[in-house]
Amino acid sequence: MPELPEVESARAVVERGALGRRIADVDDADTYVCRPHRPGEIRDALVGRTLTGVHRRGKSMWCDTGDGGPELGVHLGMSGKIVIADPDGTETDGGDYWRRGREPGDHRFARFALTFDDGGWLLLVDPRRLGRVRLDPPVDELGPDAADITAARFRDAVLKGTAPIKARLLDQQAIAGIGNLLADDILWAARIHPARPAGDLSRPESDRLHRAVRREIRTALNDGGVHTLPLIPYRKDGARCPRDDAAMAHGMVGGRTTWWCEKEQPPQA
DNA sequence: AGCATTGTTTCACA
DNA sequence: TTGTGAAACAATGC
């Protein structure tokens with residue numbers, strides 16, 4: 001689930017529940033999630049420190065750890081969530097997934113954990129383990145945040161080359177935060193075919209697309225995530241476009257399953 | 001059983 | 001250089 005809106009929610013969970021608490025221990029034993037660090041490397045860098053701030057750019061988030069400390073980077077991957085828990089394991093924030101069929105203290109899918117000196121926890125819960133925790137993450141390699149990007153920067157960074165426009169929207173180095181579901185929704189909202197070459201868009205189309213990026217992300221942030229986006233229920237066989245009742249088409253664009261409206265999103269401008 | 005999956009990285013190849 | 005597609009990563013769900 002994590003695209004930009006979900007990561008922003010996770011960032012807010014950390015801000016509400018973890019800032020200012022002293023780190024007493026760190027479980028960084030999952031060498032895949034904590035790659036490329038050795039077990040204990042993150043623990044040694046963080047024990048005794050305090051999280052003093054938390055930031056987000058695109059789908060990446062990171063925490064400040066006080067004077068001279070490294071940044072603690074967190075990426076949620078495909079299935080990661082941030083959970084704040086009491087000493088007995090009962091979650092107090094961030095735990096929609098965590099709640100289901102699980103007893104307090106069941107940390108089966110916790111892949112990384114900070115223990116605070118009061119016994120409480122910050123957990124990265126991630127069944128699929130494609131999330132990632134690392135020190136000093138290279139966030140400067142990311143493009144501008146999709147929630148804030150200006151029209152001029154959008155044109156400059158995204159609308160160039162012959163790659164499909166959807167592939168450009170998914171390129172985190174061009175614009176950070178858009179995932180597969182958001183990309184389809186944005187292109188549908190702007191009535192642009194996902195396979196159009198990015199550099200071929202007209203000025204009206206590029207303005208429409210930029211506005212759709214900002215609006216769809218704003219909507220998802222306010223309504224509770226990418227699963228609240230209007231196109232989500234229509235990403236299935238036999239579905240019809242909720243605007244004009246034309247058939248929803250699907251195929252592979254930019255290596256990902258892609259859905260679009262056959263009539264409103266023609267392959268040619 | 002076999003297929004799908006919201007993400008990223010790497011590689012072979014054109 | 002630019003771009004594509006596939007595979008890998010790991011695990012779950014239909």
Side-chain angles (χ1 to χ4, degrees), chain A residues 1-10 29-37 56-62 73-82 96-98 100-102 106-112 124-134 137-143 145-146 157-188 194-200 216-217 219-221 223-239 250-259:
Chain A
M1 318 190 175
E3 299 189 28
L4 187 153
E6 285 72 24
V7 180
E8 176 56 26
S9 297
D30 191 316
T31 55
Y32 187 71
V33 167
C34 295
R35 67 194 182 283
H37 298 293
R56 180 194 60 75
R57 181 158 168 188
K59 306 173 196 170
S60 290
M61 52 188 284
W62 65 97
V74 178
H75 196 292
L76 300 179
M78 290 273 255
S79 62
K81 295 176 191 297
I82 296 293
D96 52 338
Y97 153 83
W98 188 245
R100 306 226 316 184
R102 238 159 280 283
D106 179 353
H107 295 173
R108 228 181 317 169
F109 297 126
R111 308 303 189 184
F112 176 84
L124 171 64
V125 176
D126 181 13
R128 290 177 59 180
R129 295 176 71 207
L130 291 173
R132 191 165 179 184
V133 176
R134 58 176 306 183
V139 290
D140 44 337
E141 291 172 9
L142 295 168
D145 191 79
V158 181
L159 302 182
K160 61 183 184 189
T162 60
I165 180 59
K166 175 169 178 179
R168 299 294 302 149
L169 290 174
L170 292 174
D171 184 344
Q172 303 301 304
Q173 303 197 57
I175 178 172
I178 298 172
N180 198 38
L181 301 178
L182 259 174
D184 281 5
D185 211 279
I186 288 165
L187 289 161
W188 174 79
R196 292 273 305 282
D200 286 1
E216 297 304 297
I217 289 175
T219 300
L221 281 168
D223 292 358
V226 294
H227 287 291
T228 66
L229 291 169
L231 195 63
I232 296 296
Y234 305 98
R235 297 173 59 91
K236 57 180 146 187
D237 255 336
H250 66 101
M252 292 288 276
V253 180
R256 311 298 299 277
T257 298
T258 302
W259 292 83

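Just so it is clear, the model here is predicted, and its values are computed rather than measured. Only heavy atoms go into these numbers, but all of them, side chains included; no hydrogens, no water, no symmetry mates. A, B, ... follow the sequence lines: proteins, then strands. Residue 1 opens every chain.
Summarising the geometry, the separation between CZ on A/R132 and P on C/dC9 is reported as 15 Å, rounded to the nearest angstrom. Nucleotide B/dG7 holds its C1' atom 11 Å from the CG atom of A/L181, rounded to whole Å. Nucleotide B/dG7 holds its C1' atom 10 Å from the CG atom of A/D126, rounded to whole Å. For A/L130 and C/dA11, the CG to P distance is 9 Å, given to the nearest whole Å. Atom CG in A/L170 sits roughly 15 Å away from atom C1' in B/dT5 (whole-Å rounding). Residue A/H227 contributes atom NE2, which lies 13 Å from atom P of B/dT5 at whole-angstrom precision. Atom CZ of A/R134 is separated from atom P of B/dG7 by 19 Å (rounded to the nearest Å). The distance between atom NZ of A/K81 and atom C1' of C/dT12, rounded to the nearest whole Å, is 13 Å.
For A/M78, taking side-chain heavy atoms from C-beta onward, the closest of the listed nucleotides B/dG7, B/dT8, C/dT12 is B/dG7. Closest approach to the A/A163 side chain among C/dT4, C/dA11, B/dG7 is made by C/dT4 (side chain taken as heavy atoms from C-beta onward). Of the candidate nucleotides B/dT8, B/dT5, B/dT6, B/dT6 has the atom nearest to the side chain of A/R235.
Smallest separation of non-hydrogen atoms from A/R111 and A/P127: NH2-O, 2.8 Å.
A/H75 has no side-chain polar atom (N or O) that falls below the 4.0 Å cut-off from OP1 or OP2 of B/dG7. OP1 or OP2 of B/dG7 lies within a sub-4.0 Å distance of a side-chain N or O belonging to A/R256. For B/dT5, neither phosphate oxygen OP1 nor OP2 lies less than 4.0 angstrom from any side-chain nitrogen or oxygen of A/S79. Checking the phosphate oxygens (OP1, OP2) of C/dA11, a side-chain nitrogen or oxygen of A/R129 falls inside 4.0 Å.
When each of A/V7, A/V74, A/V139 is paired with A/R56, the side chain to side chain contact (heavy atoms under 4.5 Å, CB included) condition holds for A/V7 and for no other.
Comparing the same atom, C1', in C/dG3 and in B/dT6 gives a spacing of 24 Å after rounding to whole Å. On the C1' atoms, B/dA1 is 22 Å away from C/dC9, given to the nearest whole Å.
Put simply, the side chain of A/K81 never gets that close to the backbone of A/D126: no donor and acceptor are under 3.5 Å apart. When atom types are taken as modelled, the side chain of A/E216 and the backbone of A/D185 share no donor-acceptor pair closer than 3.5 angstrom. The closest donor-acceptor contact from the side chain of A/Q172 to the backbone of A/G177 lies under 3.5 Å. A/E141 places no side-chain N or O within donor-acceptor distance of the main-chain N or O of A/Q173, the cut-off being under 3.5 Å.
At a threshold of 4.0 angstrom between heavy atoms, the contacts of A/G179 are confined to the sugar-phosphate backbone, with no base atom among them.
Residue A/G161 is the one, among A/R111 and A/G161, whose nearest nucleotide of DNA chain C lies closer to the 5' end (criterion: closest heavy atom). Between A/T162 and A/M252, the residue anchored closer to the 5' end of DNA chain C is A/T162, taking for each the nucleotide with the nearest heavy atom.
Look at A/R57 and A/D140 and you find no salt bridge, because none of the NZ, NE, NH1 or NH2 atoms lies under 4.0 Å from a carboxylate O. We find that A/R256 and A/D184 are not joined by a salt bridge, their nearest charged nitrogen and carboxylate oxygen being 4.0 Å or further apart.
Secondary-structure stems of DNA chain B, taken as three or more successive Watson-Crick or G-U wobble pairs (i with j, i+1 with j-1) under a 3.5 Å distance threshold, comprise B:2-5 with C:11-14, B:7-14 with C:2-9.
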